[in-house]
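Here is the structure we will look at, set down as structure tokens.
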Protein chains: 2
Amino acid sequence: MEKVTMADVAREAGVSKSTVSQFLNKRYEYMGEKTKLKIEAAIERLGYQPNFIARSLKQKRTSMVGIIVANIMHYLSTEISRAIEDFCQDHDLHAIVCNADDDPEKEKRYIEMLRAKQVDGLIIFPTELNTELYAGMIKEGYPVVFVDRKVEMLDAFSVVTDNRESTYKAIQSFIANGHRHIAFAVQPLIVSTRKERLEGYKNAMVEAGLPIRPEFIIESSIGEMKRKLEELFSLEDPPTALFAGNDRVFLTVVEFLKGKGLKIGQDVDLIVFDNIPFANLMDKPISFIMQPATEMGMKAAELLFDQINKVEKEPQKFIFPSEMV
Amino acid sequence: MEKVTMADVAREAGVSKSTVSQFLNKRYEYMGEKTKLKIEAAIERLGYQPNFIARSLKQKRTSMVGIIVANIMHYLSTEISRAIEDFCQDHDLHAIVCNADDDPEKEKRYIEMLRAKQVDGLIIFPTELNTELYAGMIKEGYPVVFVDRKVEMLDAFSVVTDNRESTYKAIQSFIANGHRHIAFAVQPLIVSTRKERLEGYKNAMVEAGLPIRPEFIIESSIGEMKRKLEELFSLEDPPTALFAGNDRVFLTVVEFLKGKGLKIGQDVDLIVFDNIPFANLMDKPISFIMQPATEMGMKAAELLFDQINKVEKEPQKFIFPSEMV
DNA sequence: TTGTAGGCGTTATCAC
DNA sequence: GTGATAACGCCTACAA
């Protein structure tokens, strides 16, 4: 029943606990060859497995990190998480993933929970609404890395993409293709990424001398969005091009267009911020702004790893470029 | 620096550690109202956070479970994992996901690792090649649930789908649609699911009086598969219908057909075992055999939860039906 | 080289 | 109602 403890091994091998401990920690520099063998045999015979919990308590290191994802429904999140997990597996860490569901309260509870569990560090896709909590951790020197969204006014490690620039270029490409009626759909502007994307849109429009028409900008929850789209496409001069602010918006848009009988690439052109899996399988002329998820995850994990291992570094923001395909 | 311990709180509040402990565990039945307030205040003032590791050591319960996925590349795995995670979040458990990468050695290491970390139970998508290890855990009474693939000869909880039946029906539907040249592509037959699916294919073919032609059955790794497909479609009588044994095979097949210029639903009909995300977005006439991932994950998590909480039950296999869409 | 003792932060068991 | 005290299983000086 997995009750074999170090003491048992010690007794079985006829040595003391400390000796066994030394053995386990590979400090057998000054250890008799025969004691080593005795211990090995005893471990084998008893089927002993060290207890990491006990070790962690003593060492104050759990080899676990927490990942708090703002919303797991975004495909990007899972991609980045997976990259982080891969990095962890290569560095003897285990990751615990939590989904904050875009709820700051939930995020807060998870942060506290994971810290109570003594995880060695946290990678957070922030809801951006727990600034004091974030700040507190950073002041303490607790290892934290923010991903995807940036937390303003906070000198912390973060890994993001150039939302504004990418969107700006995307809208420019619409314009270059002759579009004049360009709409923009996004979820509520409560996080930096969405705001930046909208700014990119506006910049490009203004620069091209096109009017920014409020009725062409949908800002609503996924639930409400279909209704808003209905309104948008009921205008006497409906848009010929649409920018979807992220993957979930995109899904909603596609469903809407399908129901409406509008053909993508024909009746309306589409650019999406975010990649979706197997996008290449649906041969429709849609452009996706792909963020380098793997690189971002890797970088975030690496930054966290270094903090955990006390590699001194100034907090930095890493901005990755996105690519339109 | 997060060094506030229970002793500090006790001192600050002018009570003993035990009292604080009682308070934390909500056993304030026989506790003075004012002590309660004093402790509350002290906790607040010090910013105390209990240390779960220490608690776990004492209670021999970590509130963590491990999920060992045979191969995270299968979309089904991630779907099921997510369902498990959801269940865990509702039951105060944390899940740690590990990817065995179809490697029995890796699987073994993870099992040992997670047990060393004292996780309360394990949900395993087995590689099926560590039978002794599985058997050992079960004999010990350690909570384990197998998912997706079954482990023969083992009396354990498991949650699977009716691979043979579903495939059988799928092939029947091909036949009903007039197909005679039906091919079957699958990864190496080293796990039960694949074997069962092939059996289903053979049964349907035999029953319909159609010959089982070895050259119509591709059994190969993903890497080799394109070459095999090339051969298959170079036959003087190439197949008019193809059954893809899982999602990864499907992706390979689609790429191949695309390169070859063959149109799905026109030159060749396709049925795929497994769902892929956003399948509804690609309006091609492909049938997917969808496994009820969420239900399977939920069930698995529930079975594990009950074992952890010593709800006595006989080991059972739950076989979920799949649906073709 | 190996053993002894104390401590990591909690919880559990009793006395008080 | 509250408080010593002994575990939990391991690590780490330091002593032998």
Side-chain angles (χ1 to χ4, degrees), chain A residues 1-40 42-43 46-64 112-120, chain B residues 1-40 42-43 46-64 112-120:
Chain A
M1 279 295 249
E2 170 78 56
K3 294 179 116 78
V4 194
T5 165
M6 219 170 66
D8 299 320
V9 176
R11 193 174 334 103
E12 179 81 11
V15 298
S16 86
K17 289 196 299 177
S18 4
T19 314
V20 177
S21 175
Q22 312 241 64
F23 173 84
L24 290 173
N25 292 291
K26 312 216 183 293
R27 309 221 60 74
Y28 22 55
E29 300 150 9
Y30 308 108
M31 196 180 307
E33 189 60 31
K34 54 183 182 177
T35 7
K36 218 158 83 178
L37 290 173
K38 274 195 298 186
I39 296 175
E40 237 159 24
I43 288 179
L46 269 42
Y48 167 74
Q49 299 248 185
N51 181 330
F52 267 68
I53 292 294
R55 171 183 303 190
S56 299
L57 178 57
K58 185 69 187 179
Q59 294 185 162
K60 295 161 166 313
R61 200 174 190 293
T62 54
S63 296
M64 296 191 307
E112 283 167 355
M113 182 69 186
L114 289 171
R115 294 211 56 190
K117 276 215 154 80
Q118 312 296 114
V119 298
D120 297 334
Chain B
M1 276 296 248
E2 168 79 56
K3 292 179 117 76
V4 194
T5 164
M6 219 171 65
D8 298 321
V9 177
R11 194 175 330 107
E12 178 81 11
V15 297
S16 83
K17 287 195 301 177
S18 342
T19 313
V20 178
S21 174
Q22 313 241 65
F23 173 83
L24 290 173
N25 292 291
K26 311 215 182 295
R27 307 224 60 74
Y28 24 54
E29 301 152 9
Y30 307 108
M31 197 180 307
E33 190 59 30
K34 55 184 182 176
T35 9
K36 217 158 84 176
L37 290 173
K38 275 195 297 187
I39 295 175
E40 236 157 25
I43 288 180
L46 269 43
Y48 167 74
Q49 299 248 185
N51 180 330
F52 268 68
I53 292 294
R55 171 186 303 197
S56 299
L57 177 58
K58 186 68 186 176
Q59 293 187 161
K60 296 162 164 310
R61 201 174 189 294
T62 53
S63 296
M64 298 191 306
E112 284 167 355
M113 183 68 187
L114 288 171
R115 295 212 53 190
K117 276 216 155 80
Q118 311 297 112
V119 299
D120 296 335

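Every chain is numbered from 1 and lettered A, B, ... according to where its sequence line falls, protein lines coming before strand lines.
- Here C/dT2 presents its P atom at 8 Å from NZ of A/Lys34, a figure rounded to the nearest Å.
- Nucleotide D/dG1 holds its C1' atom 15 Å from the CZ atom of B/Phe23, rounded to whole Å.
- A/Ile43 contributes atom CD1, which lies 10.0 Å from atom CE of A/Met6 (distance to the nearest 0.5 angstrom).
- Distance, A/Phe52 CZ to D/dC8 P: 21 Å, rounded to whole Å.
- Taking atom CG on A/Leu57 and atom C1' on C/dT10, their separation rounds to 8 Å, with Å as the unit.
- The stretch residues 9-16 of chain B has no heavy atom under 4.0 Å from DNA chain C, so no residue of it qualifies as close.
- Listed pair B/Lys60 / C/dT11 fails the phosphate criterion, with no side-chain N or O lying under 4.0 Å from OP1 or OP2.
- For B/Thr35, the side-chain hydrogen bond (donor to acceptor under 3.5 Å, both in side chains) test picks out no residue, with sequence neighbours left out.
- With sequence neighbours excluded, the residues satisfying side chain to side chain contact (heavy atoms under 4.5 Å, CB included) with B/Leu37 are B/Glu40.
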Requested in this report: Kindly determine whether A/Arg115 and A/Glu112 satisfy salt bridge (charged side-chain N to carboxylate O under 4.0 Å, His left out), including the steps that lead there.
Outcome: CA-CA 5 Å; A/Arg115 294 211 56 190; A/Glu112 283 167 355; over 6 Å; no

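- Separating the CD atom of A/Gln49 from the C1' atom of D/dC10 is a distance of 15 Å, rounded to the nearest angstrom.
- Taking each heavy atom of B/Ala42 and B/Glu12 in turn, the nearest pair found is CB-CG, 3.6 Å.
- Residues that satisfy the side chain to side chain contact (heavy atoms under 4.5 Å, CB included) test with B/Met113, not counting sequence neighbours, are A/Phe52, A/His94, B/Lys117.
- Across every non-hydrogen atom of B/Val4 and B/Tyr48, the tightest pair is O-CD1, 3.3 Å.
- In this structure, CD1 of B/Ile39 is placed 12 Å from C1' of D/dG3, rounded to the nearest angstrom.
- Between the axis at the start and the axis at the end of the helix from C/dT1-D/dA16 to C/dC16-D/dG1 there is an angle of 40°, using five pairs per end and rounding to 10 degrees.
- Looking at residues two or more places apart in sequence or on another chain, you find a side chain to side chain contact (heavy atoms under 4.5 Å, CB included) between A/Ser18 and A/Ser16.
- Nucleic acid contact class of A/Ser56 (heavy atoms, under 4.0 Å, all strands): none.
- Not counting sequence neighbours, the partners of B/Thr62 by the side chain to side chain contact (heavy atoms under 4.5 Å, CB included) test are A/Ile53, B/Ser56, B/Met64, B/Gln118, B/Asp120.
- Residues A/Val15 and A/Gln22 have side chains not in contact (no heavy-atom distance under 4.5 Å, counting atoms from C-beta outward).
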Report summary line: Letter by letter from the 5' end, nucleotides 11-16 of chain D scores (B base, S sugar-phosphate only, - none; protein heavy atoms under 4.0 Å) BB----

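- Using a 4.0 Å cut-off, some side-chain N or O of A/Thr5 falls inside it from OP1 or OP2 of D/dC10.
- Judged purely by atom type and a 3.5 angstrom limit, B/Asp8 uses its side chain to pair as donor or acceptor with the backbone of B/Thr5.
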